[in-house]
Amino acid sequence: QDLLEKELPDAEVFVVSNREPYIHNRVGDRIVVQRPASGLVSALEPVMRACGGVWVAHGSGSADRETVDAEDHVAVPPGKPAYRLRRVWISDEEQEGYYYGLANEGLWPLCHLAYVRPIFREADWQHYVAVNQRFADAVVREATRPDPVIMVQDYHFALLPRMIREQLPKATILTFWHIPWPNAEAFGICPWKEEIIAGLLGSTVLGFHTQAHCNNFFETVDRFMESRIDRDHRSVVFGGEETMVRPYPISIEWPPAALASQQPVEVCRAAVRERFGLPAEMRIGVGIERFDYTKGILDRLQAIDELLTRQPEWKGRFTFLQIVAPTRSKLASYTALQAEAIRITEEVNARHGREGYQPIHLVIRHHEPDEVYELFRAADVCVVSSLHDGMNLVAKEFVAARDDEQGALVLSRFAGASSELSEALIINPYDVQGMAEALGRALVMREDEQRERMRLMRAHVRERNVYRWAGQILLDASRLRKRQRVQEFE
Ligand code: G6P
């Protein structure tokens, strides 16, 4: 907030994302507010609580329309008007094309190298363009000044920066791509690559999680667009306008709000053991994420099988709690994953389980942040085995949840988080044998080693928290605005 006032005085701030920060669902005659399972929301929501402003998102809950007031605005978080939520409505048909189709069957597998074939349909593209335009118009209608600060989020809105720029040429548009950017060859299969890149280059600043993703983006621009790339300034000039392209590793709030209501670790352990019917000496592993094929869940279940096969002494002494939030369940690639995960779980449980011992508990339901933090605090080891992941905030949340400085983190080298949390046990999720070894090693890690590793990781996340992430983007934007003003004198 201070930085905003200093660097971008009187700024009118907008965030635009597909996911809304609070979903309003009707349960019987009550409206229940739910926090969606989304790294984007976990990161952005605390920033908006600090900055205020308007969050423009797709209204998706079953009771969303009922909670709308006359101007279509809701104060959030519920009851505390820190910022306002402006919902944009789209039809079921548009949702099929824009969200399920182009965004999640096209761009998601295009950008994540998880060997799921992207699907591109012309009709989906048309919906994607139309919905992007709808959001651009909503932002422009909301803006009361010609130069708002607009933070555009993710692959649902690649066209939005240019669409907003056309109507508000003085806007400061800060776009953040929350998923990886693949190399030029991989991106090149997208039939609308030029339109997508030109859309993104309507931004003032374009952020990725890592330098590697920025390099891939430069390479893609170089291959497909008439533009000037200035690697010293880390920027692209396209159509006479400059876009800064930089890495901003996203993070979480510190201290996390969900930690405040947590009981001591021993109490959390006892509660989780009781819930799952686990004896006191049982060691606990956890995996918590959306049920997504990029997360390497099947490989992880196989690694547990491998561990129990190679080190049978863990049978009856180690249980894995795999918590998955259903997501994008209409899509074939997601239903196939769910069926396969259930099949492997049953197989592993039949092979290694016995009366009173279930090696894997697969729990398929949404968990609120309080429940997630309790599970993290109850765990001896947390496994993040993404096949490809922009950042992965689960890894950072596990570290943040452990104020007792205990617990081991097994982390995929293909998650952006691995370049920051180097004290985790870094694994290749495609190497099931290696993952099983890391799990075994985590389970026997001495307390002092856990503490040393956890301390370093906690210090890193504490310092590189999400306020710093947002601050760095705003600072770069303000520098660029000043530089452009000087250039106008020349
Ligand atoms: C990833 C994306 C987010 C998205 C989240 C949840 O983290 O980068 O943009 O919100 O997944 O996915 P969903 O499709 O449920 O919004």
Side-chain angles (χ1 to χ4, degrees), residues 15-23 25 34-45 47-48 55-61 64 85 87-88 90 94-112 114 116 124 128 131-132 135 151-158 160 175-182 200 207-210 213 248-252 288-297 323-331 333-335 337-338 364-369 372 384 386-397 414-417 466 469:
V15 158
V16 189
S17 71
N18 174 68
R19 238 339 125 196
E20 54 184 336
Y22 291 90
I23 301 175
N25 281 319
Q34 194 188 59
R35 282 287 297 272
S38 157
L40 180 156
V41 170
S42 324
L44 261 293
E45 209 276 335
V47 172
M48 282 302 271
W55 189 322
V56 183
H58 167 220
S60 54
D64 265 358
L85 176 60
R87 269 84 60 91
V88 174
I90 62 177
E94 282 171 326
Q95 172 78 342
E96 287 291 328
Y98 140 81
Y99 172 77
Y100 286 107
L102 202 279
N104 285 316
E105 283 193 297
L107 296 179
W108 180 267
L110 177 74
C111 292
H112 287 93
V116 169
D124 292 348
Y128 186 83
V131 172
N132 270 243
F135 274 77
M151 301 168 82
V152 176
Q153 306 300 313
D154 230 351
Y155 61 101
H156 310 89
F157 294 121
L160 201 64
T175 303
F176 193 76
W177 195 258
H178 288 256
I179 63 176
W181 189 278
L200 289 170
F208 295 96
H209 291 295
T210 65
H213 299 158
Y248 304 95
I250 207 166
S251 194
I252 56 171
I288 307 182
E289 55 248 306
R290 290 181 306 105
F291 218 159
D292 197 293
Y293 55 77
T294 58
K295 304 293 179 188
I297 295 168
I323 312 294
V324 269
T327 182
R328 308 173 194 169
S329 309
K330 276 191 186 178
L331 302 180
S333 44
Y334 288 78
T335 39
L337 168 79
Q338 296 189 11
I364 309 174
R365 79 165 169 85
H366 176 77
H367 283 60
E368 285 294 307
V372 170
V384 172
S386 307
L387 303 179
H388 202 192
D389 216 330
M391 172 54 70
N392 191 290
L393 292 181
V394 167
K396 292 189 175 179
E397 283 176 331
F414 306 123
V466 77
W469 169 81

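Read the numbers this way: they start at 1 and go in the same order the structure lists the ligands and their atoms.
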Trainee: Which word best sums up how the rings of H213 and F208 line up, parallel for under 30°, tilted for 30 to 60°, or perpendicular for over 60°?
Mentor: perpendicular
Trainee: Is there a heavy atom in A37 that sits closer than 4.0 Å to ligand 1?
Mentor: yes
Trainee: So is S38 polar-close to ligand 1, meaning N/O to N/O under 3.5 Å?
Mentor: yes
Trainee: For residues L102 and D124, report the shortest heavy-atom separation together with the two atoms involved.
Mentor: N-CB, 3.7 Å
Trainee: Can you name the atoms of ligand 1, numbered from 1 with element, that are less than 4.0 Å from a heavy atom of H178?
Mentor: 8 (O)
Trainee: Considering both backbone and side-chain atoms of R290, is one of its nitrogen or oxygen atoms within less than 3.5 Å of a nitrogen or oxygen in ligand 1?
Mentor: yes
Trainee: Closest approach of K295 and R290, non-hydrogen atoms and distance?
Mentor: CG-O, 3.8 Å
Trainee: What protein heavy atom is closest to atom 13 (P) of ligand 1, reported as residue, atom name and distance in Å?
Mentor: Y99 OH, 3.4 Å
Trainee: What atoms in ligand 1 come closer than 4.0 Å to a heavy atom of T327?
Mentor: 15 (O)
Trainee: Which residue holds the protein heavy atom closest to atom 7 (O) of ligand 1, what is that atom called, and what is the gap in Å?
Mentor: G39 N, 3.9 Å
Trainee: Please state which protein non-hydrogen atom is closest to atom 2 (C) of ligand 1 and give its distance, to 0.1 Å?
Mentor: D154 OD2, 3.3 Å
Trainee: Does the plane of the ring in H178 sit parallel, tilted or perpendicular to the ring in W469? Use 30° and 60° as the thresholds.
Mentor: tilted
Trainee: How close does the nearest protein non-hydrogen atom get to atom 16 (O) of ligand 1, and which residue and atom is it?
Mentor: R19 NE, 2.7 Å
Trainee: Looking at V16, is its backbone amide N or carbonyl O close enough to the side chain of D154 to form a donor-acceptor pair, meaning the two atoms are under 3.5 Å apart?
Mentor: no
Trainee: I want to know whether H209 and F176 have ring centres closer than 6.0 Å.
Mentor: yes
Trainee: R328 versus ligand 1: do any nitrogen or oxygen atoms come within less than 3.5 Å of each other?
Mentor: yes
Trainee: Check whether any heavy atom of H156 sits under 4.0 Å from an atom of ligand 1.
Mentor: yes
Trainee: Would you check if the side chain of W55 reaches a backbone N or O of E20 as a donor-acceptor pair within less than 3.5 Å?
Mentor: no
Trainee: Using 30° and 60° as the class boundaries, would you call the ring planes of F135 and F157 parallel, tilted or perpendicular?
Mentor: tilted
Trainee: May I ask you to list the atoms of ligand 1 that are less than 4.0 angstrom from any heavy atom of I179?
Mentor: 8 (O)
